[in-house]
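Single-structure report; data block below.
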Amino acid sequence: MSVNRELAKVFEKFATILEISGANAFKINAHIKVARVIEDLVEDIAAVEDLSSLPGVGKSSIAKIKEYLKTGEIKELGVLLDSIPAGLLDLMQVQGLGPKTVRRLWQEMNVVDIPTLKEAIADGRLESMPRMGMKTISNIADSLAFLEVASKRTRIGDAMPIAEMIIDTLLAIQGVSKIEFAGSLRRGKDTIGDIDILATTTKPELLAQSFCTFEGVIKVLVRGDTKCAVRLVCGMQVDLRIVEENAFGAALMYFTGSKEHNIMVRELAIKQNMKLNEYGLFDSTETCVASKTERSLYENLGLQYIPPEIREGKQELALEETPKLIQLKDILSDLHDHTIASDGHLTIVELAEEAKKRGFHTIAVTDHSQSSVQANGLSPERLVQHISEIKKANEEISGINILAGSEVDIHSDGRLDYEDDLLAQLDIVVASPHSALKQDSSKATARLLKAIEHPLVHIIGHPTGRVIGKRPGLDPDMPTLFAAAAACNTAMEINANSWRLDLRDTQVHAAIDAGALISINTDAHAACDFDQLRYGILTARRGWLTPEKCINCFSFDHLRAWLARSC
Ligand code: DGT
Ligand code: CA
Ligand code: CA
Ligand code: ZN
């Protein structure tokens with residue numbers, strides 16, 4: 001995270017805690033304003049010489065900014081935090097609860113954390129609270145239940161960088177030759193239970209020692225000769241297994257799983273009079289046939305190499321050849337991105353430069369539409385102006401094609417947020433649901449179907465609107481939607497942002513089976529968002545996606561022809 005974003009988050013947190021503590025609105029708003037200013041700042045805040053030149057940044061904010069840049073913390077925030085029950089911040093994770101309600105729950109109902117909130121709901125006390133309707137209470141209860149299931153797992157966007165950092169550090173330790181992550185992380189699941197790491201080393205004790213004293217470890221759960229397990233400050237568990245170099249492939253296959261896949265390959269081995277375990281593949285005389293590499297194990301079982309992402313115990317053993325699943329390098333365009341015109345942080349030019357850096361031939365500018373007021377959505381007049389700015393930038397910047405697009409809201413009844421004659425002026429239309437994400441399944445189906453069938457819509461953006469660990473999103477009848485998408489030649493998006501990954505893996509699989517095309521986009525609001533593309537690719541691979549079914553892999557001419565398709 002950049003310092004600007006980090007510091008903006010600190011000020012946001014400040015505002016939240018002030019509001020929970022009952023501070024006056026002026027003070028709260030001042031902190032929110034400073035957070036916005038810092039977040040929107042183009043240059044690094046540490047490089048700003050005169051902080052008072054920033055709008056809305058007064059003396060006390062300047063002192064806080066300087067203190068943070070110097071020490072990495074703000075003392076006053078610590079004091080403020082200590083002045084409220086610690087569990088109140090957990091309540092902020094519950095969808096539908098803002099600082100105002102959290103304060104009221106605390107002051108009026110003695111609710112101080114998630115357990116006391118649950119009690120207050122269970123014993124009916126919450127119903128006696130003024131201005132607290134049954135609908136709101138039932139929504140809070142739903143969010144709590146959802147949070148409970150989701151909180152035990154970590155989003156891949158958080159787990160992957162942690163695993164990579166641990167691996168990079170351990171690889172530098174004397175004696176270590178091989179080190180890789182396995183488990184659900186290697187299979188690219190959207191959420192991870194724990195991180196599994198496998199290593200080979202000539203100095204096992206040194207490796208175990210380094211692992212168990214790694215920065216961020218708060219508890220050592222297991223410390224043995226071949227297995228260690230630790231808990232990190234963030235709550236994640238990490239397992240390390242030290243294995244023999246000769247058996248690395250067998251161990252990697254075993255600990256990559258999934259359990260269902262392992263069971264299937266083990267049964268296949270038994271059928272062939274062999275035995276498969278974490279040490280290798282053995283024939284009936286207990287002679288090791290293969291163990292060093294995963295490839296040799298699969299081959300000796302008479303199978304093609306099976307990529308980790310599709311080892312889920314489905315149809316993968318029936319494959320006649322290894323599928324050429326999509327890779328990061330196949331992606332040539334990003335077709336859903338935002339600029340400062342709505343809620344993004346980059347200008348059109350900056351967005352284009354960033355896309356060029358990633359080697360794309362095309363970038364689509366798809367800012368929010370008028371109903372997304374919270375995201376500063378564009379009125380029709382502003383969109384017309386924006387289109388001409390995008391066209392101008394496209395002419396001025398070489399080496400990249402910039403498409404004029406929109407991420408147009410799909411209203412709850414399926415109508416789009418702009419008139420057709422305006423949509424017709426765009427190169428590309430991404431239609432997405434942003435509101436009414438709790439509507440019932442049949443309404444959601446009708447809503448999305450209408451958007452899919454709309455002749456001017458190219459892509460359905462984050463089709464369910466889910467946010468991992470926060471809200472489940474829409475639950476439409478997917479087979480109906482995918483059949484329509486195939487018939488109308490509308491692409492279904494895999495939103496690569498690791499909070500979304502929407503469509504999810506199983507839905508991608510179903511969409512492809514139905515003959516629909518897929519589009520993988522970062523939905524970038526800032527330069528770093530492009531780095532999330534990898535998670536979209538993992539999700540796509542889990543859905544067995546190959547490049548020819550993904551419009552982002554089309555050449556520019558192919559893409560242009562596809563965008564101009566009539567249907
Ligand atoms: P997670 O951590 O819940 O996201 O999911 P995984 O798949 O990483 O599961 P984990 O960490 O419990 O175990 C890692 C792998 O080890 C798992 O994918 C397959 C293998 N494994 C673990 N327990 C068993 C077992 O009882 N039988 C078999 N065949 N394999 C197992
Ligand atoms: Ca795991
Ligand atoms: Ca594990
Ligand atoms: Zn969106």
Side-chain angles (χ1 to χ4, degrees), residues 152-156 158-160 162-163 166 180-198 211 221-222 226-232 235-241 243 251-252 254-262 278 308 311-312 334-339 342-344 364-378 405-411 416-417 429-437 448 451 457 459-467 471 473-474 492-497 499-503 519 521-525 529 532 536:
K152 295 198 187 81
R153 301 183 64 80
T154 304
R155 289 179 311 106
I156 190 169
D158 286 335
M160 184 69 91
I162 294 173
I166 296 176
E180 267 186 65
F181 54 79
S184 52
L185 189 60
R186 183 158 179 251
R187 302 200 310 281
K189 280 192 75 164
D190 51 14
T191 62
I192 308 300
D194 67 2
I195 298 173
D196 302 282
I197 296 176
L198 295 188
F211 178 71
L221 306 168
V222 182
T226 57
K227 180 177 171 173
C228 297
V230 296
R231 185 160 305 284
L232 303 177
M236 281 211 91
Q237 183 179 325
V238 188
D239 293 349
L240 171 72
R241 289 183 183 82
V243 304
L252 189 58
Y254 182 89
F255 290 110
T256 295
S258 64
K259 203 166 163 181
E260 293 72 19
H261 177 83
N262 285 357
E278 62 198 278
R311 297 183 198 168
E312 290 296 339
D334 199 330
L335 304 174
H336 174 181
D337 302 280
H338 299 270
T339 70
S342 61
D343 60 348
V365 178
T366 56
D367 278 299
H368 287 284
S369 62
Q370 51 188 341
S371 288
S372 279
V373 177
Q374 75 295 341
N376 192 21
L378 277 63
S406 168
E407 182 187 14
V408 60
D409 271 13
I410 308 173
H411 291 237
L416 299 182
D417 202 24
V429 175
V430 179
S432 313
H434 287 113
S435 55
L437 297 174
L448 292 170
V457 170
I459 300 171
I460 303 297
H462 48 72
T464 74
R466 77 161 175 168
V467 176
R471 65 172 188 230
L474 298 171
M492 301 298 287
E493 181 178 73
I494 298 174
N495 192 289
N497 188 294
W499 281 102
R500 293 190 181 272
L501 296 173
D502 175 15
L503 300 174
S519 181
N521 300 304
T522 66
D523 192 356
H525 287 70
D529 293 341
Q532 303 249 325

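What you are looking at is a predicted structure, and each value in this text was computed from that prediction instead of being measured. In each ligand, atom 1 is the first atom listed, and ligand 1 is the first ligand listed.
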>> Looking only at side-chain N and O atoms, does H261 offer a donor or acceptor that is under 3.5 Å from a partner on E312?
In response: no
>> Is it the case that the side chains of S432 and E407 hold a donor-acceptor pair, with the cut-off being a distance below 3.5 Å and no angle test?
In response: yes
> Quick one: which of T522, N495, N497 gives a side-chain contact (heavy atoms from CB on, under 4.5 Å) with H336?
Replying inline: N495
>> For N/O/S atoms only: which one belongs to D196 and is nearest the Ca ion (ligand 3)?
In response: OD1
> Within the stated cut-off of 3.0 Å, is an N/O/S atom of D239 closer than that to the Ca ion (ligand 2)?
Replying inline: no
>> For the metal site, I want the angle between atom NE2 of H434 and atom NE2 of H462 with the Zn ion (ligand 4) at the apex, to 10°.
In response: 100°
> Is the shortest distance from a Lys or Arg side-chain nitrogen in D190 or R466 to a carboxylate oxygen in the other one below 4.0 Å?
Replying inline: yes
>> Among the N, O or S atoms of E407, which one sits nearest to the Zn ion (ligand 4)?
In response: OE2
